[in-house]
Amino acid sequence: LNGYPVNFVEGCKSGDTLEIYLRPEHFDAEPEDIPLEILFEDEDILCVNKPPYLVTHPTKSHPGHTLSNAIYNHFTQIGFTGKIHFISRLDMDTSGLVLVAKNKYIHHLMQNTEKYKPFNKYYYAVVKGVLPAKEGESGIIDLPIIRSGDGIKRAVDDDGRDCLTEYTVVKNYGDYGLLRLRLVTGRTHQIRVHLQSVGCPIISDSLYGNPDPLISRQALHAYEVSFCHPITKETHRIVADFPDDMQKVLKILEEEKISKLLLKFSVPCIMGLLISAFYNIVDQIFIGNSTLGYLGNAATGVSFPVICIA
């Protein structure tokens, strides 16, 4: 207070200068030279684009080569000695945006979403099955989720915690679909469990779906995050483009959709052109000494052309 250390009970008056120093924090994982795509960074917040197949933080089964190790390597390069505080996390096979607070205070403020709205996370998923709505329509999946057994798997259960997921059907590819999803709550595996429960699991989801030749991991990508910065009060919107494997999936599905549409409309057109051409040829051959008529069955309504030569 005014340049001197004081206790918490010390009073302040108008015009005083109060400075708060956070306790130093230290790395809790070893820095590793792993490629890191940084989309936003200031002294309080870091946002990175996590590739698929990379674990977010060290675990017993993955003690190293994680996103945390990559971030600590970046911190070492810029001379920052703080600790990672994840605001959002992603499963190993999910790609996209991960938000990190650089100290406990910022992490606490960012978790208080009621005060620092908007804080929104949007995902895209490629699913297979019966879509929950028509293309362009939106809805909400409101189903409670609970831990299933002793493992990491979750399931819909009335005894679970409340879970809300908003969705929009962006594209309908017949058996497949592209959904845009917003997490209202943020439970473990929430999107994956919710989509399985409504009959359209994410393709190649090893826990809640089935393998699919289009992609070798769950086709789920954290595409966009928007938040109000707790210090500057500025609103930030950050977007991470689809990774190559999901772009390939969408390209294949789009090409198949176009091919089916062309086939659907081209067959009648071709038949019509052939019939028209046949009539023209007949008229050219027998012009002047023939008449073109039709024989048919009144009961069935079927008719065919006949040529009467004079």
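Every value quoted in this text rests on a predicted model; they were computed, and no experiment measured them.
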J.: Could you tell me if Lys83 sits above the aromatic ring of Phe27, with its cationic atom closer than 6.0 Å to the ring centre and no more than 45 degrees from the axis?
T.: no
J.: Please check: side-chain N/O of Asp212 versus main-chain N/O of Ile215, any donor-acceptor pairing under 3.5 Å?
T.: no
J.: Do Thr59 and His57 come close enough that some side-chain heavy atom pair is under 4.5 Å?
T.: yes
J.: Test side chain to side chain contact (heavy atoms under 4.5 Å, CB included) on Asn120 and Arg182; report intermediate values, then the result.
T.: CA-CA 7 Å; Asn120 293 312; Arg182 185 177 84 89; 2.7 Å; yes
J.: Between Val55, Leu36, Val100, which is the residue that forms a side-chain contact (heavy atoms from CB on, under 4.5 Å) with Leu67?
T.: Leu36
J.: What is the minimum heavy-atom distance between Asn49 and Leu97, and which atoms define it?
T.: OD1-N, 4.3 Å
J.: Would you call Lys121 and Glu166 a salt bridge, using N to O less than 4.0 angstrom?
T.: no
J.: Ignoring hydrogens and geometry beyond distance, is a side-chain donor-acceptor pair present between Thr185 and Gln190 at under 3.5 Å?
T.: yes
J.: With a 4.5 Å limit on heavy-atom distance, are the side chains of Phe242 and Leu250 in contact?
T.: yes
J.: From Arg192 CZ over to Ser206 OG, what is the distance, rounded to the nearest 0.5 angstrom?
T.: 5.5 Å
J.: Looking just at side-chain N and O atoms, do Tyr123 and Thr165 make a donor-acceptor pair shorter than 3.5 Å?
T.: no
J.: Could you tell me whether the side chain of Arg180 reaches within less than 4.5 Å of the side chain of Tyr167, counting heavy atoms only?
T.: no
J.: Check whether any side-chain heavy atom of Tyr176 lies under 4.5 Å from a side-chain heavy atom of Ile203, and answer yes or no.
T.: yes
